[in-house]
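These notes concern the structure reproduced below.
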Amino acid sequence: MKGLYKAVKVTDNVYWVGAIDWGIRDFHGYQTSRGTTYNAYLILADKITLIDTVKAPFIDEMFARIASVVEPDRIDYIVSNHSEMDHTGALPPTIEAVKPERVFASVMGARAIAGHFEELGSEVIPVKNGESLSLGNMGLTFVHTRMLHWPDSMFSYLAEDEILFSQDAFGMHLASTERFDDEIGRDVLAEEAAKYYANILLPFSPLVTKLIESLPTLGLKLKVVAPDHGPIWRSGFENVLRLYSEWAAQRPSMKAVVLFDTMWHSTEMMAGAVCEGLRDGGASVSVMPLQSCHRSDVATAAMEAGAIVAGSPTMNNNIFPSVADVMTYLKGLKPNNLLGASFGSFGWSGEAVGQINELLKAMRVELVSDGVRCNYVPNHKSLDECYSLGADLAHKMKERC
Ligand code: FEO
């Protein structure tokens, strides 16, 4: 592979030496429609330093890119900003091949790496929040970002080049031949950054807000922000920072998500009536039939929504499996400030609506009604009830905006 893959210069002393995963479409349950990248960075300081590695199958690509600027065995230090295996899968064989003088991670990171890779044992040196590491002619400072999004997560900052290595934060799943944000369309960046935030960072929004508020106090000059996935921010970091602030705040909005599945189109008909009511009440609606919408897209829509309405037929006394899947996923992501409601058709028992209500309550969604249930195929009366449900919900959303 040597000669085929090249490093990409990021700043005077830093090169991107990661890998591009064009084919991945399922990242632990998140649909990565545009693939992803695993970003690793090489600092050409007196102490040559590798920041993060890549997912295990991509080690040859990373080594080839490193070799395009320096022989890999010249690497002195490795810093692991995040121990999830898309960034540490290649760490043990990299250590074995390079034999670095030292390997660093946060305190929790050192523990997590030992927990993932028994062979590394106590090899990783823990660094404290705010600690600095001399690379000879340059220096790295570490900022722990616990639970953004793992306990071990940390940033590394290279003051000389004003570059922040931000691991998963400010990243996105986007495979591309371009490495920098200003080479990629703004719409694509906003879409993929939103999807990434919704599916990875949303549960930790209060910590994101805290981090953003603390950034000015850290006094970091940010010419470049280099995450572990997707493009490197060299022009538009302020834009993504502003979006993070908005997403983390999750203010009430006039957007509604109507998610549903259907067996014989009855619940689908109900969904249509709910949507008409919402729309006539002034809400914009993301209609998400689960036979064609992936859970990770529902999560993205829910992040920016003021209300979530879920519909399910009752099957064998239970909520429909696809609806249970999405509701369970959403519950884990802890969206905030949502109103909600439920609806569904049934044959003889009709438990699904009550089960959805329990799930919504567990998500701290404020229910605006007990939901609409309809026996078999909805008649005019049932559809009117669904329409009213949507219209009432839109009215309540307006009151909160
Ligand atoms: Fe990209 Fe949390 O790993």
Side-chain angles (χ1 to χ4, degrees), residues 16-41 50-59 61-62 78-92 94 104-117 120 124 142-156 164-176 179 181 189 192-205 207-208 211 225-233 240 244 247-248 295-296 299-300 303 329 332-334:
W16 175 83
V17 290
I20 306 172
D21 190 347
W22 295 100
I24 188 170
R25 290 295 179 268
D26 184 334
F27 191 99
H28 58 47
Y30 170 158
Q31 188 177 58
T32 46
S33 311
R34 291 183 167 111
T36 195
T37 66
Y38 312 108
N39 297 339
Y41 300 95
L50 179 66
I51 305 278
D52 286 324
T53 65
V54 295
K55 196 172 171 182
F58 294 85
I59 188 170
E61 183 176 338
M62 179 187 76
I78 299 177
V79 172
S80 172
N81 277 335
H82 177 29
S83 67
E84 195 164 4
M85 295 228 263
D86 47 332
H87 311 296
T88 56
L91 183 61
T94 301
F104 302 94
S106 69
V107 178
M108 298 298 279
R111 263 187 238 168
I113 289 168
H116 279 79
F117 309 106
L120 294 185
V124 179
F142 304 111
V143 180
H144 287 193
T145 55
R146 193 168 176 169
M147 295 319 297
L148 291 175
H149 70 121
W150 273 26
D152 58 81
S153 301
M154 73 172 184
F155 293 170
S156 299
L164 182 72
F165 302 101
S166 63
Q167 41 92 24
D168 280 343
F170 310 116
M172 66 185 74
H173 288 310
L174 174 60
S176 58
R179 293 278 63 80
D181 63 309
L189 293 177
E192 293 300 341
K195 189 170 184 180
Y196 193 87
Y197 188 96
N199 285 275
I200 303 288
L201 293 164
L202 190 63
F204 312 109
S205 288
L207 295 173
V208 172
L211 176 73
V225 174
D228 272 358
H229 297 287
I232 297 160
W233 301 96
V240 76
Y244 265 49
W247 295 329
R295 67 174 85 83
S296 46
T300 310
M303 173 179 76
Y329 188 71
L333 293 173
K334 299 185 176 69

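Computed from a predicted model, the values in this text were never measured in an experiment. First listed ligand is number 1; within each ligand, the first listed atom is number 1.
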Under 2.8 Å from atom 2 (Fe) of ligand 1, protein N/O/S atom count?
-> 4
More than 12 heavy atoms of other residues, nucleotides or ligands under 6.0 Å from CZ of Arg111: is that the case?
-> no
Phe142: ring pair (Phe, Tyr, Trp, His ring centres under 6.0 Å) partners, not counting sequence neighbours = none
Taking every heavy atom of Gln167 against every heavy atom of Leu148, the minimum-distance pair comes out as NE2-O, 3.1 Å
Between Thr53 and Leu91, what is the shortest heavy-atom contact and its length?
-> OG1-N, 3.4 Å
Can you name the ring pair (Phe, Tyr, Trp, His ring centres under 6.0 Å) partners of Phe58, sequence neighbours left out?
-> Tyr38
Tyr329: ring pair (Phe, Tyr, Trp, His ring centres under 6.0 Å) partners, not counting sequence neighbours = none
